[in-house]
Each structure stands twice: as structure tokens, then as C-alpha cells.
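Note sheet for the following structure.
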Amino acid sequence: MTLHAWHRTELSLIAERDHPDPYPDVELWADFTHRPTGIVLRRPAFWDSGSTWRLRFAAPAPGVWTWHTDGNVDDSGLVGRTGELTVAAAESARRFERHGFWRMSPGARSLVHADGTPALLVADTAWALPWRATPDDVRIYAADRAAKGFNAALLMSVQPDMHARGPRDRTEDEGFGVGFEDLEHGRLAHLDPAYFQYLDGLLDILHDHGIVPVLQPVFQGFGWKGRSVAGTVVSPEEYARYCRYLVARYGARPVVYLVGADGSGEEPQVAAGGEEIEAWDAYGQPCGLHYRPHGRGRAHQDAVWLDFQWCQTGHFGEHLPERVADMWRNEPDKGVANGEPTYENSGETGKAAGWWQGHEAWSNLCAGGTMGVVYGAGSLWQWRLHAEEGDHEPYFLAPDCGWREALDFEGSRYVGLVGRVLDGLPTTDMRPDRDRAMAGRALNSPDGTLYIAYAEHGGPLRLNPETAKTFPRSYRVVDPRTGETVGQGVRGADDLTVPGKGGTPLVFVCHDA
């Protein structure tokens, strides 16, 4: 079998001794060494039921990679195993296998692929998908989101509420899969491999559609039904161990680690998990925090493991881009986004609906949320099976909708288009700009060759006479509601305006390649 760079391969190890409590007690890893550079990548292994452990690895470069296992047990089936992988250059048309996984940009403000190609997160919040959805569900979901332009999904990796009750059947009302048998008691010690094997299949479907899982270990905030989340109760040691397991099982493909969510960020579990991810993630994939609606949004700002800070602006249908702008000003620099704007139709039909979502996305982006944009829909994030399924908090549900109806809400189209409009542009480390033009919402690239402005009420775009001579002359005017180019050209050297029709939203993309 021919292996290619950035393509995941899996190695199986079979224990020769009995290990009564394998998940918490056995630590196992492998060092992968590249010839001729000598680069070493360490990947943790994970227990996958019975006497089987697995190693997942993606080579970031072609060549020969030798591997050697080590661990904390005396078992020749697991420790001291060796092998060799011959890896060819990437040939896939898939973006992540061609350009490598995401990491943070040199200026820490945006995403780039491993080869430096600019990237923008365009994420949906399908929080409950891992424990509620079936493979057929996820195929429908992933095809829809990929077609609209989404490339990521925020996911709670396990059902987080200690007091949630229901059948262990994803097709029955109130049913859900269980990842840890003892989570209901505030523990993360008795892991069920079958749950994660099932989750493997769901994430494979997302991967096949170019959708990156944004994995949250165990929520610190509301959770699924607001019934006592375990993320603030489990011990930091057990939380960290689970973070290592997620790195082992899912970290050899594109992933984002959302180590803390819907809390203050100061919970002891968060730092323990972040440090564990930093120690075991060989690929430097993004790791960060997502906050509850109230709070300062700067926990662990100077931590090495923290790459991004995501705010949440509540569920009231208000535009609050100043929350993003405030986080942008925190030092040292980190990636910023609004990770949870108001869910479309949450609690009442029409709340934050339609173009509200497009305006929100472009406003947050230009306020400094240059890591990307995020969308959410009521009834979808809970993965409500159908419009009559009960036992959910009504305030967060879209009336008379299950997840499938919520998938079609209008606003998702506008958020998905953000990535399409900006695809292929050098968006790395763009910064909010208030100087180069009379635009309320704008971004400027570090070298000044790319300027993006969102005009809520249309154009024209009026330039600052003092900086007009260095302003990009080539321009494209886009209707952000459709993604269509409605104007383009090259501005004259003495022209102080970029033409654009007034009265409707426009995006100005001014770029001198």
C-alpha cells in the first residue's frame, strides 16, 4: 500500500498481557522519525477495546518514517515495537491532504495550512451530533453544509449532562450514546470504546466532506439540557487524560481542540486539558477557549497552549461585534472569533433569522474575528430528532422544528458564503482598519495589498486622500447575500472612490496581487 503525506494511517498493537483497567492505567506512544531530516513526531496510542491499542499517524512530509513504541507497562506486545513507513508526496485533491493541517498564522491571528496557504474557519454548531446522529443523518448534514461553504463543525465529544436520562438509542426520543459509563457520577474513568468507534464513522463522513471537527471534551456551561455538566466536576487529571485520548484518536486528521467551552475559562480542568494537548499534539493544531456570554474573555491569554479566544454574544438577537473587538485588543495576540452568535430561530420564529446571520458574520469578521465565522440554528445544535420531541429547553429550540428542518434555515446560506467570497485571497493576519477608507467595517492585510470592507448599506467606498496612492487599485464588489460579483475593475490612480450601488449590503474586495 502506498502512503501519502498528510494522509492518516493506522497501526494496531496487541497486548500480550492482561491489563485490567487499560484506559486509565496504560500509557503508550510511538516516536516517528523522518529520514533524512531526523525530525521526530510523538503520537500517543489509544486503547480500542480488549487487548487492542491503535496508533494513528499522518506524515507531514514524504520520505521514510521509522517508528518505535514506548510506554509505562512491561508488555512486549505494546512496548518496544518497531516498524517503517515509506511515504510519497501528497497527490490528493483534498485541501487538507494537499496543504496540510490547520495551524495558527505567524502573527497568531488567523488560520493557515501547514504549507502556509491562508484559511478561514466557517463553522456550524452541531454540538450534539456525536451522541445523537446516525451515519445517514450525518451524510445529509455534511452534504448540506459542505455545499453551502462550511468547513468546520463545533461538537461536544460526549453528552455532558450528568443528570440527562434516556434510552441508549439514537433513533428513539430522548435517546443518546454514552461515551463514559461514569460521567453521570462526575467521572471520566470508564470509557466505552464502542461509542468512540461509532464516532469514528461519523467524523469520517465529515472528513470526506471537508468539514473539520472542533472537538470539545466535556462542556463547562449549559450543556445539552442544562442538567449539571460534568466539565466543572471531573478531576483535572481525568479531564487531561481524556484530552490526550482525543489527540490520540482524532489528532492525525484535521481537528481543532476547544478545550474549554461556555465557562469562564478559569476552571481547573481547562488549563489541565490545554497543557495535555500541547504536550501530545505533534502537529500544532489550534487549541483554544469558547466563553459564556458574560465574562472578560482573556483567561490564560499568555499560555503557550492557547491559540485562540472565542466569545459568545448570548441568545437575544443583538449584534455585539464590540465583544470581538475587545478580545482582539488582548495581549499577547491570539486568534479571535465569535464562536456562538444568536442561534437562528432560537426560542421564537424570526429571531436572528435570514440576513441577520450574514450581517453578524461580516461584522464579527471585520471587528477582528479573523480566525473565522460561526453559525448556529435552534433545534439543530441539540439534534432534536423531530418537531415533537420533548424534554428540551424551549428557549433554545426553533419552534416546530427538528434538526432536519433547521438545516434549511436561510441564514446558514449567508454565513457559508463568507468563505466562498474570500477563498484564495491572502487573508493571513489581516487586521481591522479604520484609516484607509470611510468604511465602518474593514480589514487590511499586513502588506497593504488586500483591503476588505463590508458596507451594510452599500457603496460607494470612499478612500482616505492621504493613503489613496498606496490603496489597492484592482477591485471586486460582491453581493454577500448571493456571492455574486456585481462590479469589478481597476480604479484610476487619482480616483478617490470605488464604485458600488447604495441601498443593499456590499463587500468590497480590493486586491493588488
Side-chain angles (χ1 to χ4, degrees), residues 6-15 17 19 21-34 39-60 65-83 85 101-103 157-158 179-180 188-193 195-197 199-200 203 207 213 215-218 234-259 269 271-287 304-305 307:
W6 295 112
H7 185 86
R8 189 185 75 187
T9 188
E10 181 175 284
L11 307 170
S12 296
L13 303 170
I14 306 300
R17 298 179 53 190
H19 300 280
D21 217 354
Y23 169 69
D25 290 349
V26 177
E27 297 180 9
L28 182 66
W29 62 88
D31 287 332
F32 291 81
T33 303
H34 183 236
I39 293 171
V40 178
L41 298 183
R42 175 166 290 183
R43 289 286 299 144
F46 62 92
W47 174 62
D48 201 32
S49 80
S51 58
T52 301
W53 273 256
R54 301 192 192 278
L55 280 162
R56 290 176 173 172
F57 174 70
W65 291 82
T66 59
W67 56 271
H68 178 275
T69 65
D70 204 348
N72 68 343
V73 292
D74 182 12
D75 188 325
S76 59
L78 302 178
V79 174
R81 301 298 301 274
T82 62
L85 302 171
F101 301 163
W102 280 340
R103 60 183 59 175
S157 61
V158 293
F180 286 90
L188 297 175
H190 294 159
L191 176 143
D192 181 2
Y195 172 87
F196 292 95
Q197 291 162 2
L199 182 57
D200 282 355
L203 299 191
H207 172 77
L215 292 178
Q216 208 292 315
V218 187
V234 300
S235 73
E237 293 76 19
E238 289 186 355
Y239 194 87
R241 182 170 60 229
Y242 179 44
C243 287
R244 186 197 306 183
Y245 181 87
L246 291 175
V247 172
R249 187 152 204 143
Y250 301 113
R253 273 186 172 170
V255 68
V256 174
Y257 301 106
L258 194 60
V259 70
Q269 295 84 359
E275 290 166 1
E276 195 76 1
I277 290 169
E278 176 72 18
W280 287 99
D281 171 28
Y283 301 106
Q285 301 201 73
C287 175
V304 173
W305 58 262
D307 296 315

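The residues of the chain are indexed from 1 along the displayed sequence.
Judged purely by atom type and a 3.5 angstrom limit, Tyr250 has no side-chain atom pairing as donor or acceptor with the backbone of Pro213. Proximity of a side-chain donor or acceptor of Glu27 to a complementary backbone N or O of Asn72 within less than 3.5 Å is not detected. Remark: the backbone N or O of Asp25 is not paired with any side-chain donor or acceptor of Asp21 at under 3.5 angstrom. The backbone N or O of Pro24 sits nowhere less than 3.5 Å from a side-chain atom of Glu238 that would complete a donor-acceptor pair. Remark: side-chain polar atoms of Gln285 are not paired, donor with acceptor, to backbone N or O of Phe101 under 3.5 angstrom. Listed for the Ser51 side chain is no donor-acceptor partner under 3.5 Å among the backbone atoms of Ile14. Remark: the backbone N or O of Val247 is paired with a side-chain donor or acceptor of Arg43 at under 3.5 angstrom. Side-chain atoms of Asp75 never come within 3.5 Å of backbone atoms of Ala15 as a donor-acceptor pair (strictly under, hydrogens ignored).
Between Asp307 and Tyr257 the shortest side-chain heavy-atom distance does not fall below 4.5 Å. Residues His34 and Trp65 are in side-chain contact: their nearest non-hydrogen atoms beyond the backbone lie under 4.5 Å apart. Between Leu41 and Tyr283 there is a side-chain heavy-atom pair separated by less than 4.5 Å. A heavy-atom distance below 4.5 Å is not found between the side chains of Trp6 and Pro254. Within the 4.5 Å cutoff, the side chain of Val218 has no heavy atoms near those of the Val234 side chain. Side-chain contact between Glu276 and Tyr239 is absent, with no heavy-atom pair separated by less than 4.5 Å. Contact of the Asp70 side chain with the Asp31 side chain is not registered, since no non-hydrogen atoms from C-beta on lie closer than 4.5 Å. A 4.5 Å side-chain heavy-atom check between Gln197 and Ser49 finds at least one atom pair inside the cut-off.
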**OP:** Please test Tyr242 against Ser157 for side-chain hydrogen bond (donor to acceptor under 3.5 Å, both in side chains), starting from the C-alpha separation and ending with a verdict.
**Re:** CA-CA 10 Å; Tyr242 179 44; Ser157 61; 2.7 Å; yes

**OP:** Carefully, step by step, assess Trp67 and Leu85 under the rule side chain to side chain contact (heavy atoms under 4.5 Å, CB included).
**Re:** CA-CA 8 Å; Trp67 56 271; Leu85 302 171; 4.2 Å; yes

Original post:
How far apart are the C-alpha atoms of Val256 and Trp102, what are their side-chain angles, what is the distance that settles it, and do they pass the side chain to side chain contact (heavy atoms under 4.5 Å, CB included) test?
Top reply: CA-CA 8 Å; Val256 174; Trp102 280 340; 4.0 Å; yes

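Look at Arg54 and Asp200 and you find no salt bridge, because none of the NZ, NE, NH1 or NH2 atoms lies under 4.0 Å from a carboxylate O. The pair Arg249-Asp48 counts as a salt bridge, with a side-chain nitrogen and a carboxylate oxygen less than 4.0 angstrom apart.
The CH2 atom of Trp29 sits 12.0 Å away from the CG atom of Leu78 when rounded to the nearest 0.5 Å. The distance from atom CD of Gln269 to atom SG of Cys243, rounded to the nearest 0.5 Å, is 10.0 Å. To the nearest 0.5 Å, atom CG of residue Asp74 and atom CZ of residue Arg17 are 5.5 Å apart.
In plain terms, the two heavy atoms of Val79 and Gly71 that are nearest each other are CG2-N, 3.7 Å. Residues Thr82 and His68 share a closest heavy-atom pair of CG2-CD2, 3.4 Å. The heavy-atom pair separating Val255 from Gly251 by the smallest distance is CG1-CA, 4.3 Å. Minimum heavy-atom separation, Leu258 to Pro217: O-CD, 3.3 Å. In terms of heavy-atom proximity, Gly274 sits nearest to Cys287 at CA-SG, 4.5 Å. Of all non-hydrogen atoms in Ala45 and Ala248, the two that sit nearest each other are O-CB, 3.8 Å.
The aromatic rings of Tyr245 and Tyr23 sit perpendicular, their planes meeting at an angle over 60°, well past the 30° parallel limit. Using a 30° and 60° split on the angle between ring planes, Trp53 and Trp47 fall in the tilted class, from 30° to 60°.
The local environment of CZ in Arg8 is crowded, with over 12 non-hydrogen atoms from other residues, nucleotides or ligands closer than 6.0 Å.
Of the residues listed (Leu55, Leu13, Val73), the one engaging Leu28 in a side-chain contact (heavy atoms from CB on, under 4.5 Å) is Leu13, and it is the only one.
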